[in-house]
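Quick caveat: nothing in here was measured; it's all calculated off a predicted structure.
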Amino acid sequence: MRQRWGMKRVSQSLSDPQFVQNPYPFYARAQAAGDIVDWPEFGMPCAVSHRAVQAVLRDRRMGREPVAPPEPAEHTRAFYAVEAHSMLELEPPRHTRLRGLVLRAFTSRRIAELAPEISALADELASAMTGEVDVLDAFARPLPVRIIARLLGVPETLAPQLLAWSNAMVAMYQVGRTRAVEDAANTAAAEFSEFLRGYVEERRTRPADDLITHLIAAEEDGARLSTDELITTCILLLNAGHEATVHTLGNGLAALLTHDHRHIDEAVVEEILRYDPPLHIFTRWVYEDVEVLGTPLAAGSQVACILGAAGRDPQVYDHPNTFDPARYTAKVAPHAAFGSGLHFCVGAPLARLELRIGLERLLHHHPHLRLVEPPHYGDTYHFHGLERLLVAT
């Protein structure tokens, strides 16, 4: 293997159908080459071991915000106008302020109160499934988007439109995006922002018991969210939470049915997230020359954390390619599906709740649910999610 950046090179086409359906053999090959490897087709150093991923995610000398952000192209200005206020893309001090305000509104108590609604909606969707059905369309997609609509306080009847906007914007994070993807994302960002702006202005004069109202009221040291920050936060909560939860529901159900595992509890949820997470790569900018586990990274460069590889690290997890929820009955290293460090996912408690309740209620209604065909993953890397999941009730 040739070397670049002083690390071993491991080659793998991102469009290879075998890789799209199962990237884990490549991850194992990469881990055998070192903690951080050169993946030339991806174009930047990649942390592939559990310890390297955790080290990069927790090192404050690396972060999400570029030192010199490029001027966005004219046809993407609306999209990047939203991104400019996203705490996912910011670093302290602004990230600290935004995240603190959001957590004052998006509390664990408020999330826990959603449990009965999640259960009732899961019952409604599951009971409507009959015969052969794509469980993604029938269950996994509508469940989280309808919950987030209720949480935000926007009409649930608009869930299909919210889903369309979300899908268009999230496509910007996929490898090999096209001009058509950029145009669609820009249009979605403009329309989504304008839609939410009306709700924000209304809630400023007519408060309600919803997340938009709580975000408006959130205050820390005299600071509040601006309208643009509030709009971006709502979009982020929908886009990041919905996309990941849909993939995890699908990936998780596929794993359960493939391994004939029907019992759902917290350990099963964590094993699903470790075994087949929805997001496989999260990148960081390097702010100063650093060395991570003996590998030098230059200031101004980028490094990718392969979250999907971290969960299959044989140095950390016994038999990592085996789906085994029992591993969580003992002390085990945390998976990286929700990230780590400063940018740990604020929606993790809601995602875990939707996964546990959603899958439990689905299998309660359909105890003999079975796969009609092998699970088929979409070509959507950095995401790793099913294109369809045909089941028979």
Side-chain angles (χ1 to χ4, degrees), residues 22-24 26-28 30-31 46-58 64 87-88 106 108 111 140 143-144 170 173-174 236-237 239-256 259 261 264-284 304-328 331-359 375 377-378 380-386:
N22 184 10
Y24 298 107
F26 165 66
Y27 295 161
Q31 286 169 340
C46 296
V48 293
S49 69
H50 185 278
R51 67 174 187 162
V53 166
Q54 292 290 337
V56 172
L57 291 178
R58 293 176 178 274
R64 289 289 295 172
M87 62 182 171
L88 183 64
F106 202 54
S108 56
I111 292 168
L143 178 66
V170 167
Y173 301 105
Q174 296 172 14
L236 173 63
L237 291 173
N239 289 357
H242 173 264
E243 187 78 10
T245 304
V246 171
H247 289 332
T248 314
L249 282 166
N251 296 0
L253 182 62
L256 293 171
H259 296 87
H261 190 103
I264 308 297
D265 58 17
E266 286 82 0
V268 172
V269 168
E270 297 309 306
E271 180 67 349
I272 286 170
L273 290 161
R274 179 203 70 83
Y275 180 78
D276 205 17
L279 176 67
H280 275 213
I281 285 186
F282 206 35
T283 58
R284 287 285 191 271
C305 295
I306 306 188
L307 310 181
R312 298 284 188 108
D313 188 341
Q315 298 299 315
V316 175
Y317 303 102
D318 292 335
H319 308 292
N321 297 316
T322 299
F323 183 78
D324 180 19
R327 74 176 74 244
Y328 282 91
K331 186 176 182 180
V332 63
H335 57 72
F338 292 123
S340 188
L342 194 69
H343 288 282
F344 184 83
C345 178
V346 296
L350 177 58
R352 285 181 162 115
L353 193 65
E354 288 178 327
L355 288 169
R356 180 176 58 80
I357 294 176
L359 291 172
Y377 291 85
T380 57
Y381 206 77
H382 307 168
F383 297 104
H384 182 64
L386 294 164

**Fill in**
Here the gap from Phe282 atom CZ to Tyr173 atom OH, rounded to the nearest 0.5 Å, amounts to 9.0 Å
Just list the side-chain donor-acceptor pairs under 3.5 Å for residues 345-357, sequence neighbours left out, or say none.
residue: Arg352; atom: NE; partner: Glu270; partner atom: OE2; Å: 2.6
residue: Arg352; atom: NH2; partner: Glu270; partner atom: OE1; Å: 3.0

**Item:** Main-chain N/O of Asp318 paired with Arg327 side-chain donor or acceptor, under 3.5 Å
**Value:** yes
**Request:** Only counting residues at least two apart or in another chain, list the ones meeting side chain to side chain contact (heavy atoms under 4.5 Å, CB included) with Ala28.
**Result:** none
Under 3.5 Å donor-acceptor pairs involving side-chain atoms of residues 273-281, not counting sequence neighbours:
residue: Arg274; atom: NE; partner: Glu271; partner atom: OE1; Å: 2.8
residue: Arg274; atom: NH1; partner: Gly311; partner atom: O; Å: 2.7
residue: Arg274; atom: NH1; partner: Pro320; partner atom: O; Å: 2.9
residue: Arg274; atom: NH2; partner: Glu271; partner atom: OE2; Å: 2.9
residue: Arg274; atom: NH2; partner: Pro320; partner atom: O; Å: 3.1
residue: Arg274; atom: NH2; partner: Thr322; partner atom: O; Å: 3.1
residue: Asp276; atom: OD1; partner: Tyr24; partner atom: OH; Å: 2.6
residue: Asp276; atom: OD1; partner: His384; partner atom: NE2; Å: 3.1
residue: Asp276; atom: OD2; partner: Tyr377; partner atom: OH; Å: 2.5
residue: His280; atom: ND1; partner: Tyr27; partner atom: OH; Å: 2.8
residue: His280; atom: NE2; partner: Tyr24; partner atom: OH; Å: 3.3
residue: His280; atom: NE2; partner: Pro277; partner atom: O; Å: 3.2

**Asked** Is the backbone of Ala337 close enough, under 3.5 Å, to the side chain of His335 for a donor and an acceptor to pair up by distance?
**Response** yes
**Prompt:** Say you draw a straight line from CD1 of Ile306 to SG of Cys46; how long is it, rounded to the nearest 0.5 Å?
**Reply:** 4.5 Å
**Residues in side chain to side chain contact (heavy atoms under 4.5 Å, CB included) contact with Gln174, at least two apart in sequence or another chain** = Ala171, Thr380, Phe383
**Request:** Please list, chain by chain and in numerical order, all residues satisfying side-chain hydrogen bond (donor to acceptor under 3.5 Å, both in side chains) with Thr248, sequence neighbours excluded.
**Result:** none
**Test side-chain hydrogen bond (donor to acceptor under 3.5 Å, both in side chains) applied to Asn22 - qualifying residues, sequence neighbours left out** = none
**Request:** Can you sort out the partners of Arg58 under salt bridge (Lys or Arg N to Asp or Glu O under 4.0 Å), two or more places apart, ordered by chain and number?
**Result:** none
**Message:** Checking the side chain of Asp313 only, and the main-chain atoms of His50 only, is there a donor and an acceptor separated by less than 3.5 Å?
**Reply:** yes
**Complete:** Residues passing the side-chain hydrogen bond (donor to acceptor under 3.5 Å, both in side chains) test with Arg284, sequence neighbours excluded, are none
**Item:** Asp265 versus Val268, closest heavy-atom pair with distance
**Value:** OD1-N, 3.0 Å
**Those residues that, when tested against Ala336, pass side chain to side chain contact (heavy atoms under 4.5 Å, CB included) (two or more places apart)** = Val53, Gln54, Leu307, Ala310
